[in-house]
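Some notes on the structure that comes next.
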Amino acid sequence: MSTETASAAEQVAVPPPAGWAEARSRVYAAGLAAALPAVRRPLADADGHTLAEPLATRTDLPAFPTSSVDGWAVRGDGPWRIVGRVLAGGDPPPLAEDGTTVEIATGAMVPEGVTAIVRVEESTRTADGRVAGAPRRDPEWRRPGEEAYSGEELLPAGTPVDPALIGLAASCGHDTLLVRRPPRAALLVFGDELLTAGPPGAGRVRDALGPAVPAWLRRYGCQVRPADVVGPVADTLPAHVAALRAALATADLVCTTGGTMHGPVDHLHPALAVLGADYVVNTVAVRPGFPMLLARLADPDGRVRFVAGLPGNPQSAIIALVSLVAPLLAGLQGRPMPALPHATLAEPVPGRGGFTHLALVRLDRAAGTAHPVRHVGSAMLRGLAGADGFAVIRPGTSGEPGARVPVVPLPLLPGERSW
């Protein structure tokens with residue numbers, strides 16, 4: 001019998017499921033060990049990447065004393081004789097004599113020798129053309145280093161690059177950033193029973209994950225092209241192996257849907273054996289979503305890629321995404337392990353014995369409370385569509401009203417903030 005047709009019975013025995021928290025830690029460490037290489041990018045091309053080194057200033061911010069108002073930069077007591085004008089972008093000579101002033105614009109460099117700035121709206125002109133007015137008690141300019149001193153670390157490595165970070169980098173003198181690129185991801189949809197258009201019927205169900213999972217992956221910072229979504233893949237071992245090989249040729253992460261158990265048409269485990277993959281996690285003690293997995297493949301040149309096996313039931317598949325894929329992607333990008341916010345349960349949530357229960361909840365952000373939603377079967381998506389995340393009910397416990405519990409938030413678009 002060839003390795004291409006190896007049966008599931010020939011695979012290594014399935015180990016006990018990993019605890020949910022342990023599984024998250026394990027896949028994060030695997031991602032961090034295989035972090036994407038650092039590359040230098042111009043600021044204009046760095047959005048969506050991740051800092052591979054701390055962002056530090058190349059100069060004091062501001063680099064020179066800068067007027068914060070339009071007005072008159074004066075020396076000594078007034079009224080003051082006008083001796084010039086200072087605009088933004090200029091390098092003015094010192095103000096050398098008491099009783100003199102220069103008109104100054106917001107953002108302009110404050111000349112040496114200036115003792116105060118009088119706001120234009122708080123100034124008057126004397127009959128002989130001099131400027132009169134009372135300076136405010138506090139200086140009307142920004143001092144060098146007021147925002148940051150030269151060499152000061154502003155943001156650590158692992159920070160996502162967004163427009164605000166790009167603007168900050170430019171303001172402190174950077175033209176490029178050392179970053180890690182967004183991971184490339186692909187999706188393989190398994191299952192001959194799936195329809196890709198129209199309503200379900202006659203024993204066939206509509207594929208809900210093929211359209212949805214790429215959008216979730218993009219919210220986690222992945223690049224997913226339309227050509228990277230393939231399926232339904234035929235329910236044969238050769239078809240599974242061929243589809244995985246093709247996707248792994250370009251992707252850092254390949255997600256699959258369905259086939260994570262050992263049924264008569266579940267070919268994912270045998271296909272991973274054919275490809276020489278090793279398991280980082282094979283099943284997780286969580287409900288819903290128990291038969292999830294993450295496998296790793298290493299090329300002779302050291303390139304590492306991953307396969308995330310998502311269960312076929314839609315809600316279980318999303319639980320696999322938030323449980324395994326999110327921490328893996330954080331590691332690959334050199335980002336910190338995603339921290340879980342907490343909320344107070346407004347209603348009881350049952351436990352699942354020795355398994356972690358991830359319960360769909362809607363958040364009341366003003367009150368800091370989590371409210372369970374309805375329609376939460378592993379094959380249902382209605383509850384997910386109205387939820388903000390999953391409350392974490394630890395093994396051997398139940399969620400009592402008033403209890404503070406971790407919440408796994410659903411991924412958002414870049415720039416959106418849920419807490």
Nearest heavy-atom neighbours spanning [X] and [Y]:
{"X": "Ala73", "Y": "Thr101", "value": "O-OG1, 2.8 Å"}
{"X": "Leu410", "Y": "Ala387", "value": "CD1-O, 3.6 Å"}
{"X": "Ala277", "Y": "Ala295", "value": "CB-CB, 4.1 Å"}
{"X": "Val349", "Y": "Pro372", "value": "CG2-CG, 3.6 Å"}
{"X": "Arg26", "Y": "Ala18", "value": "NH2-CB, 3.8 Å"}
{"X": "Thr283", "Y": "Pro291", "value": "CG2-CA, 4.3 Å"}

Looking at [X] and [Y], would you say the former's side chain and the latter's main chain have a donor-acceptor pair under 3.5 Å?
{"X": "Ser316", "Y": "Gly312", "answer": "no"}
{"X": "His174", "Y": "Ala56", "answer": "yes"}
{"X": "Arg142", "Y": "Ser68", "answer": "no"}
{"X": "Ser67", "Y": "Gly107", "answer": "no"}
{"X": "Thr50", "Y": "Gly158", "answer": "no"}
{"X": "Asp228", "Y": "Arg225", "answer": "yes"}
{"X": "Thr124", "Y": "Gly133", "answer": "no"}
{"X": "Asn282", "Y": "Leu293", "answer": "no"}
{"X": "Arg352", "Y": "Val286", "answer": "no"}

Pairwise side-chain contact, [X] with [Y], heavy-atom cut-off 4.5 Å (strictly under):
{"X": "Trp80", "Y": "Val118", "value": "yes"}
{"X": "Asn313", "Y": "Pro288", "value": "no"}
{"X": "Val233", "Y": "His240", "value": "yes"}
{"X": "Pro111", "Y": "Ile104", "value": "yes"}
{"X": "Leu275", "Y": "Val307", "value": "no"}
{"X": "Leu187", "Y": "Val224", "value": "no"}
{"X": "Leu165", "Y": "Leu51", "value": "yes"}
{"X": "Thr356", "Y": "Val392", "value": "yes"}

Tell me if the [atom1] atom of [X] is crowded by more than 12 foreign heavy atoms within 6.0 Å.
{"X": "Arg85", "atom1": "CZ", "answer": "no"}
{"X": "Arg394", "atom1": "CZ", "answer": "no"}
{"X": "Glu347", "atom1": "CD", "answer": "yes"}
{"X": "Arg382", "atom1": "CZ", "answer": "no"}
{"X": "Arg58", "atom1": "CZ", "answer": "no"}

Residues Arg305 and Asp299 bridged, charged N to O under 4.0 Å: yes
Charged tip of Arg24 within 45° of Tyr28 ring normal and under 6.0 Å: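 Pair Arg24/Tyr28 does not count as cation-pi.
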Worked check of side chain to side chain contact (heavy atoms under 4.5 Å, CB included) between Val114 and Val74: CA-CA 5 Å; Val114 167; Val74 303; 5.7 Å; no
Which value, rounded to the nearest 0.5 Å, describes the distance between [X] atom [atom1] and [Y] atom [atom2]?
{"X": "Leu340", "Y": "Phe390", "atom1": "CG", "atom2": "CZ", "answer": "12.5 Å"}
{"X": "Thr66", "Y": "Arg143", "atom1": "OG1", "atom2": "CZ", "answer": "12.0 Å"}
{"X": "Asp388", "Y": "Arg362", "atom1": "CG", "atom2": "CZ", "answer": "8.0 Å"}
{"X": "His371", "Y": "Thr344", "atom1": "NE2", "atom2": "OG1", "answer": "9.5 Å"}
{"X": "Arg180", "Y": "Leu36", "atom1": "CZ", "atom2": "CG", "answer": "7.5 Å"}
{"X": "Gln333", "Y": "Leu328", "atom1": "CD", "atom2": "CG", "answer": "9.5 Å"}

Worked verdict on Phe290 versus Ile319 for side chain to side chain contact (heavy atoms under 4.5 Å, CB included): CA-CA 9 Å; Phe290 160 76; Ile319 287 177; over 6 Å; no
Evaluation steps, side chain to side chain contact (heavy atoms under 4.5 Å, CB included), between Trp20 and Val408: CA-CA 12 Å; Trp20 183 77; Val408 186; 3.7 Å; yes
Pair Asp70-Thr106, side-chain donor/acceptor within less than 3.5 Å: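 Distance-only check passes for Asp70 and Thr106.
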Geometric class of the Tyr279/His269 ring pair [parallel <30°, tilted 30-60°, perpendicular >60°]: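 Taking Tyr279 first and then His269, their aromatic rings sit tilted (interplane angle of 30° to 60°).
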Check against side chain to side chain contact (heavy atoms under 4.5 Å, CB included), Arg181 and Asp252: CA-CA 11 Å; Arg181 62 169 173 81; Asp252 304 298; 2.9 Å; yes
